[in-house]
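First the structure, in the form of structure tokens, and then the observations on it.
In what follows, chains carry the letters A, B, and so on, assigned in the order in which the sequence lines appear, proteins first and then strands, with residues in each chain numbered from 1.
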Number of protein chains: 2
Amino acid sequence: MKWHDLSEEACPLARAMGVVGDRWTLLILRECFLGVRRFDHYQKRLGITRHLLAERLKRLESMGLLEKRPYQERPLRHEYRLTMSGKEFAPVLLAMQHWAQRNLPSEEPMPFAFVSRESEKVVEPVVTDRDSGEELNHRTVLMVPADPEAAKAIAKHLPQLGWK
Amino acid sequence: MKWHDLSEEACPLARAMGVVGDRWTLLILRECFLGVRRFDHYQKRLGITRHLLAERLKRLESMGLLEKRPYQERPLRHEYRLTMSGKEFAPVLLAMQHWAQRNLPSEEPMPFAFVSRESEKVVEPVVTDRDSGEELNHRTVLMVPADPEAAKAIAKHLPQLGWK
DNA sequence: ATAATTGAGTTCTATTTTGGAACTCATTAT
DNA sequence: ATAATGAGTTCCAAAATAGAACTCAATTAT
């Protein structure tokens, strides 16, 4: 497997790695959600090199998470905004932030918070099933290979399949 | 910011990038959740080089997501299993898989599914607030800098702050 | 009128990471 | 005695990243 072009992979997680599978991209998205839109602001806030930032923004645009739009002419300047696809990434950020806060402890206080627009309270993100409302985690959900052959291939070496 | 040691960052998302901020680590975790435990199985299933795999497993172990435990002696052999911290990563995988499935379309059929142990039905992961049950997404949640100065610094260049 | 600044990149070289293949080492199977 | 397993390690080439400097158009400051 090559570093490039995970975009053809059957596994959605692998395709996602083609977009956010590096040190910076998720942090760029974080900045987007904080309201940052311009090249130099991303660059200064993140400390990323201009070279890489340009590359990553191009990728996020080509993958449909950001769109580049002019905010002035003379001189022509563009800003980067989240598209619907980019905005829909918010739950992933919420889940990951929640995991990291609990599992990668730090002395430092959180530099930001996720707040409900309605209640104005800090939220605690939990993943649930749309249909049943049941909480989804390693105790309640099983990851099963679609191909029974693949399941067998794994099971051959395992007492039983699942998130033990 | 250096490529290494995001572990001291104040932002939990940045610290998370120190663990899963590369092409492979999340895919290794996917394999863990599918039930894979041994070095050669990860290697063959992912097509990752043995070199990098060893490196990544070492990191996942040192960050507390996996533990290495002997499954036989003579010759001594180890397997890698999810720790509690690793298992708690499941919701992140669910959210990301859901996002990618909708936003990075593919011809290929999904190679696996997330199934409720209880209902045995395929789940649809939604992020909600533990307290209110409210669905959390870009429409309902706001990301706010903890430091009011930081908020102002961003707002200076923006009509208004928030996930617009 | 000339010089400095802003904003958004691009180019260049030096380091680091990654990819790929081959090699090790202890034990077991043939 | 020879080959195969399992879990790595070592080595070299290729690709990605870091860091700094450079471009270019237009605008503001002197």
Side-chain angles (χ1 to χ4, degrees), chain A residues 1-6 9 14 17-28 31-32 36-62 66-81 153-154 156-158, chain B residues 1-6 9 14 17-28 31-32 36-62 66-81 153-154 156-158:
Chain A
M1 202 192 291
K2 282 274 152 60
W3 171 263
H4 64 276
D5 212 10
L6 278 310
E9 291 290 312
M17 288 304 93
V19 183
V20 298
D22 69 89
R23 217 71 156 187
W24 290 112
T25 304
L26 216 97
L27 300 179
I28 293 173
E31 295 301 304
C32 293
V36 174
R37 290 177 186 168
R38 297 185 187 176
F39 191 92
D40 275 27
H41 297 163
Y42 291 114
Q43 197 275 313
K44 288 215 185 65
R45 289 176 53 85
L46 290 169
I48 185 177
T49 65
R50 314 172 75 56
H51 182 47
L52 266 198
L53 176 58
E55 232 268 317
R56 293 294 125 91
L57 289 173
K58 206 166 289 178
R59 189 161 77 201
L60 283 167
E61 196 196 346
S62 80
L66 295 183
E67 62 175 343
K68 193 174 172 177
R69 60 156 76 162
Y71 65 87
Q72 70 169 40
E73 305 189 356
R74 338 201 24 76
L76 182 58
R77 293 276 180 267
H78 299 274
E79 63 182 8
Y80 294 87
R81 282 166 174 263
I154 299 171
K156 208 166 58 178
H157 297 282
L158 243 55
Chain B
M1 200 193 290
K2 283 273 152 58
W3 171 263
H4 64 276
D5 212 9
L6 278 308
E9 292 290 313
M17 288 304 94
V19 183
V20 298
D22 69 89
R23 217 66 157 192
W24 291 111
T25 304
L26 216 97
L27 300 180
I28 293 173
E31 294 302 304
C32 294
V36 173
R37 289 176 186 170
R38 297 186 188 175
F39 191 93
D40 275 27
H41 297 162
Y42 291 113
Q43 197 274 314
K44 288 215 185 65
R45 288 177 53 85
L46 290 170
I48 186 177
T49 64
R50 314 171 124 296
H51 182 46
L52 267 198
L53 177 58
E55 233 267 318
R56 295 293 126 91
L57 289 172
K58 206 167 287 177
R59 190 162 77 201
L60 283 167
E61 196 196 346
S62 80
L66 295 183
E67 62 175 342
K68 192 172 171 176
R69 61 156 77 163
Y71 66 88
Q72 70 170 42
E73 304 188 357
R74 344 201 15 75
L76 183 57
R77 293 274 180 268
H78 299 274
E79 63 182 6
Y80 295 87
R81 282 164 176 266
I154 298 172
K156 209 167 54 178
H157 297 282
L158 241 53

Open item on the list: Can you tell me which nucleotide in D:dA7, C:dG9, D:dG19 comes closest to the side chain of A:A54?
Closed with: C:dG9

Open item on the list: To the nearest 0.5 Å, what is the distance between CG on A:L27 and CD on A:E31?
Closed with: 8.0 Å

TODO: Measure from CG on B:L53 to P on D:dT9 and round the result to the nearest Å.
DONE: 11 Å

- [ ] Give the nucleotide from the list D:dT9, C:dT11, D:dG8 with an atom nearest to the side chain of A:H51.
- [x] C:dT11

Quick one: side chains of residues 68-75 of chain A, donor-acceptor pairs under 3.5 Å with protein atoms, not counting sequence neighbours, listed by atom name and distance.
from: A:R69; atom 1: NH2; to: A:E67; atom 2: OE2; distance (Å): 3.3
from: A:Q72; atom 1: NE2; to: A:P75; atom 2: O; distance (Å): 2.9

Task: Short side-chain N/O contact to C:dT6 OP1/OP2 from A:K44, under 4.0 Å - done: no

TODO: When you get a sec, tell me which of D:dG19, C:dG9, C:dG7 is the closest nucleotide to the side chain of A:K68?
DONE: C:dG9

Task: Residues which pass side-chain hydrogen bond (donor to acceptor under 3.5 Å, both in side chains) with B:R38, listed by chain and number, not counting sequence neighbours - done: none

TODO: Would you please name every residue forming a ring-ring contact (aromatic ring centres under 6.0 Å, His included) with B:H41, sequence neighbours left out?
DONE: A:H157

- [ ] Using a 4.0 Å cut-off on protein heavy atoms (strictly under), produce a 5'-to-3' string for nucleotides 24-29 of chain D with B for base contact, S for backbone-only sugar-phosphate contact, and - for none.
- [x] -BSS--

Open item on the list: With a 3.5 Å cut-off and heavy atoms only, can you find an N or O donor on one side and an acceptor on the other between the side chain of A:R50 and the base of C:dA8?
Closed with: yes

Open item on the list: Distance check, rounded to the nearest 0.5 Å: A:L52 atom CG versus A:L46 atom CG?
Closed with: 11.5 Å

TODO: Find the distance B:D40:CG to D:dG8:P and express it as a whole number of Å.
DONE: 9 Å

- [ ] Would you kindly give the CE-to-C1' distance between B:M17 and D:dT17, to the nearest whole Å?
- [x] 17 Å

Open item on the list: Of the listed nucleotides (C:dA8, C:dG19, D:dT9), which one gets closest to any side-chain atom of A:Y71?
Closed with: C:dA8

Open item on the list: Looking only at the side chain of B:W24 (C-beta and beyond, no hydrogens), which of the listed nucleotides D:dA18, C:dT10, C:dG19 gets closest?
Closed with: C:dG19

Task: Sequence-distant partners of A:R50, side-chain hydrogen bond (donor to acceptor under 3.5 Å, both in side chains), two or more places apart - done: A:D40, A:Q43

TODO: Round to a whole Å and report the spacing from CD of A:E61 to C1' of C:dG9.
DONE: 14 Å

Open item on the list: Measuring to OP1 and OP2 of C:dG9, would you say a side-chain N or O of A:Y80 lies under 4.0 angstrom away?
Closed with: yes

Open item on the list: C:dT17, OP1 or OP2 - any side-chain N/O from A:R23 closer than 4.0 Å?
Closed with: no

TODO: Rounded to the nearest 0.5 Å, what's the gap from CH2 on A:W24 to OG1 on A:T49? Could you check?
DONE: 8.0 Å

Open item on the list: Tell me whether the side-chain N/O atoms of A:Y42 come closer than 4.0 Å to OP1 or OP2 in C:dG9.
Closed with: no

